[in-house]
Amino acid sequence: MSSVSTQEAADSISMTPATLRETMSRFATGVIVLSVGGEHIHGMTANAFSSVSLDPPKVLCCVSHSAVMHKSVLSAGRFGISILGAEQEALARHFADKKRPLGPEQFSGLDWRPGAITGAPLLHGALAWLECELSENHDANDHSIFLGEVVNSGVSADRAGLLFFNGVFQQVHPVST
């Protein structure tokens, strides 16, 4: 029987961005639209989002340094999160489309309201929403990890949620208890 060390196994595997993307596609995530209001109004679909702590209430989202949203969040110092429902796949695709118009035009014809505290666009029909003040920004190679203190939030009716799994949008339905 042959024994292979961890280092030997790691040396034989070519870890590339494509390999990691394929591996991480097996991790089901929720889908959000991250938004910033004001002078640099912008929206972006994301799935690198998580709750961090309850006391104080904090969440995180990861944004590529090359994304328009990166500069927008840093400039505004605040952001909004719309957690998308299953019927909002078209919105997820819209805010993921790099060819969409930027600025206020990307919200034209969409039903949204500015957050009461941050002014960030919050999408009508979202399962839940949060408004956050940027509290920390950590450089993580080609992305930044933005930590936001939640200053306002709300939920809508219990409906099916939008997930991203194995490279495609999926749905998850609430279970009655």
Please give me the minimum heavy-atom distance between [X] and [Y], naming the atom from each residue.
X	Y	result
H42	Q106	ND1-NE2, 3.0 Å
V33	G43	CG1-CA, 4.5 Å
A67	M44	CB-SD, 4.3 Å
L127	G85	CG-CA, 3.6 Å
P121	S82	O-OG, 4.3 Å
S156	A126	OG-O, 2.9 Å

TODO: Write out all pairs satisfying salt bridge (charged side-chain N to carboxylate O under 4.0 Å, His left out) with one or both partners inside residues 125-144, taking only residues at least two apart or from two chains.
DONE: K58-E136, R78-E133
Open item on the list: Check this for me: H124, atom NE2, are more than 12 non-hydrogen atoms of other residues, nucleotides or ligands nearer than 6.0 Å?
Closed with: no
Open item on the list: Does L20 have more than 12 heavy atoms from other residues, nucleotides or ligands lying within 6.0 Å of its CG?
Closed with: yes
- [ ] Classify the angle between the aromatic ring planes of F107 and W112 as parallel (below 30°), tilted (30 to 60°) or perpendicular (above 60°).
- [x] tilted
Could you measure the distance from the [atom1] atom of [X] to the [atom2] atom of [Y]? Nearest 0.5 Å is fine.
X	Y	atom1	atom2	value
W129	S35	CH2	OG	11.5 Å
M69	C61	CE	SG	8.5 Å
Q88	H94	CD	NE2	12.5 Å
N47	F169	CG	CZ	8.5 Å
L130	N152	CG	CG	8.5 Å
H40	L74	NE2	CG	10.5 Å

Task: F146 ring center within less than 6.0 Å of H138 ring center - done: no
If Ile, Leu, Val, Met, Phe, Trp and Tyr residues are connected whenever their side-chain heavy atoms lie under 4.5 Å apart, and connections chain through other members, are [X] and [Y] in the same group?
X	Y	answer
L110	I81	no
L122	I83	no
V31	F95	yes

[X] versus [Y]: any side-chain heavy-atom pair under 4.5 Å?
X	Y	answer
S153	V150	yes
V52	L147	yes
I41	V36	no
V63	L34	yes
F79	T118	no
L91	L123	yes
V59	S50	no

Open item on the list: Using the rule given for side-chain contact (heavy atoms from CB on, under 4.5 Å), can you reason through R159 versus E87, listing the C-alpha separation, both sets of side-chain angles and the distance that settles it, and then say yes or no?
Closed with: CA-CA 9 Å; R159 300 184 329 272; E87 72 286 352; 2.7 Å; yes
TODO: Please test E149 against C132 for side-chain contact (heavy atoms from CB on, under 4.5 Å), starting from the C-alpha separation and ending with a verdict.
DONE: CA-CA 5 Å; E149 185 158 345; C132 303; over 6 Å; no
Task: N-O pairing of E105 and R100 below 4.0 Å - done: no
Open item on the list: Please tell me whether H70 and S64 have a donor and an acceptor in their side chains that are separated by less than 3.5 angstrom.
Closed with: no
Open item on the list: Could you walk me through whether S75 and S72 satisfy the side chain to side chain donor-acceptor pair (under 3.5 Å) test, starting with their C-alpha distance in whole Å, then the side-chain angles of each, then the deciding distance to 0.1 Å, before giving a yes or no?
Closed with: CA-CA 5 Å; S75 260; S72 297; over 6 Å; no
Task: Any donor-acceptor pair under 3.5 Å from T23 side chain to T19 backbone - done: yes
